Q: 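Please read through the structure below; I'll follow up with questions.
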Amino acid sequence: MTVEIANIVGSGDLGVELDLEALEGDLSTPYLEYDPSNYHGLYVRLEEGGPLITVYRSGKYIISGCPSEEVLRKTNDGFLRALAELGITDEAQQTGFTVQNVVCTAMLNEMVSLNALSIGLGLEVTEYEPEQFPGLVYRPEGIGAVLLVFANGKLVITGAKDAETAEVAYNHLQSKVQELV
DNA sequence: TAGCCGGATTCTTATATATTGAATCGAT
DNA sequence: ATCGATTCAATATATAAGAATCCGGCTA
């Protein structure tokens, strides 16, 4: 697998209004952070260094920092179980949990200069200002993802709704680069 | 003036440059 | 002990997405 997942973000809705202050006191995990003067969301981690769950008063929440879809699913299950144990939500409360963003890293087989690449891909779909940021930003049309290309051939693919889309974006760029070599 | 709309806020993660700040080092 | 110097660590730069609340600015 040449395209590796670095981070996955997902969101869901508990369908219940929450008292974040009370929730902070009730949750058994010690990895909590709630400071309304700094940010209105309650930060929850089920384990140290694990994925971050940002919970809002509305009952909606975000999970970020997952290295795989498996971890994302487990984190969501664990969070829902913890809330069910507190009697805040029903056992089988469905949240319509959705993956919102998949961030991946990859490496190109061939390399071309970023200047040549920006022209080859099209100036309308690329942004390359090395004095502002060392990577070239590529927004391919028709593919729901954005790619960052670096001079050494390393890539960051972000904005994809799933791993398959990131894979498609990678293959697309790889073939484009192949044409330019 | 009220209300609405848009932008920044917070966080995560990989990536790579420049710059800043801090910290330690040899030397005085 | 203190001063230039060197080295390292950290931050900003840019990308995406979700969430809600803040702010400013604009219009009615």
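The basis for the numbers below is simple: all heavy atoms, side chains too, and nothing from hydrogens, waters or symmetry mates. Below, read A as the first sequence line, B as the second, and so on, with proteins coming before strands; counting in each chain starts at 1. What you are looking at is a predicted structure, and each value in this text was computed from that prediction instead of being measured.
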Q: Nearest whole Å is fine: how far is B/dT15 P from A/I5 CD1?
A: 15 Å

Q: Under a criterion of less than 4.0 angstrom to any heavy atom of chain A, what are the 5'-terminal and 3'-terminal contacting nucleotides of DNA chain C?
A: C/dT13 to C/dT21

Q: Return the set of residues passing side chain to side chain donor-acceptor pair (under 3.5 Å) with A/E33 (not counting sequence neighbours), or none when no residue passes.
A: none

Q: What's the CG-C1' distance between A/L155 and B/dT13, to the nearest Å?
A: 15 Å

Q: Give the rounded distance in Å between these two atoms: CZ of A/F133 and P of B/dA16.
A: 9 Å

Q: Does a sphere of radius 6.0 Å around CD in A/E141 hold more than 12 heavy atoms from other residues, nucleotides or ligands, not counting ones at 6.0 Å or beyond?
A: no

Q: Under 4.0 Å between any heavy atoms, over every strand shown, what does A/T105 touch: base, sugar-phosphate, or nothing? Just pick one.
A: sugar-phosphate

Q: Count the heavy atoms belonging to other residues, nucleotides or ligands that lie under 6.0 Å from CD of A/Q100, then report whether that count exceeds 12.
A: yes

Q: If you look at every strand shown and take non-hydrogen atoms under 4.0 Å, does A/L148 touch a base, only sugar-phosphate, or nothing?
A: base

Q: Between B/dT12 atom C1' and A/E69 atom CD, what is the distance in whole Å?
A: 16 Å

Q: How large an angle, rounded to 10°, do the end axes of the helix from B/dT1-C/dA28 to B/dT28-C/dA1 enclose when each is built from five base pairs?
A: 60°

Q: Quick one about A/Y61 and A/N76 (side-chain donor to acceptor, distance below 3.5 Å, no hydrogens or angles considered), yes or no?
A: yes

Q: Could you state the NZ-C1' distance from A/K60 to B/dT10, rounded to the nearest angstrom?
A: 17 Å

Q: May I ask you to verify if any side-chain N or O of A/R45 is less than 4.0 angstrom from the OP1 or OP2 atom of B/dT12?
A: yes

Q: Just to be sure I understand the rule, does A/E127 reach a base, reach only the sugar-phosphate, or reach nothing, if contact means heavy atoms closer than 4.0 Å?
A: sugar-phosphate

Q: Rounding to a whole Å, what distance do you find between A/L32:CG and B/dC11:P?
A: 15 Å

Q: Whole angstrom is fine here: how far is it from OH in A/Y39 over to C1' in B/dC11?
A: 8 Å

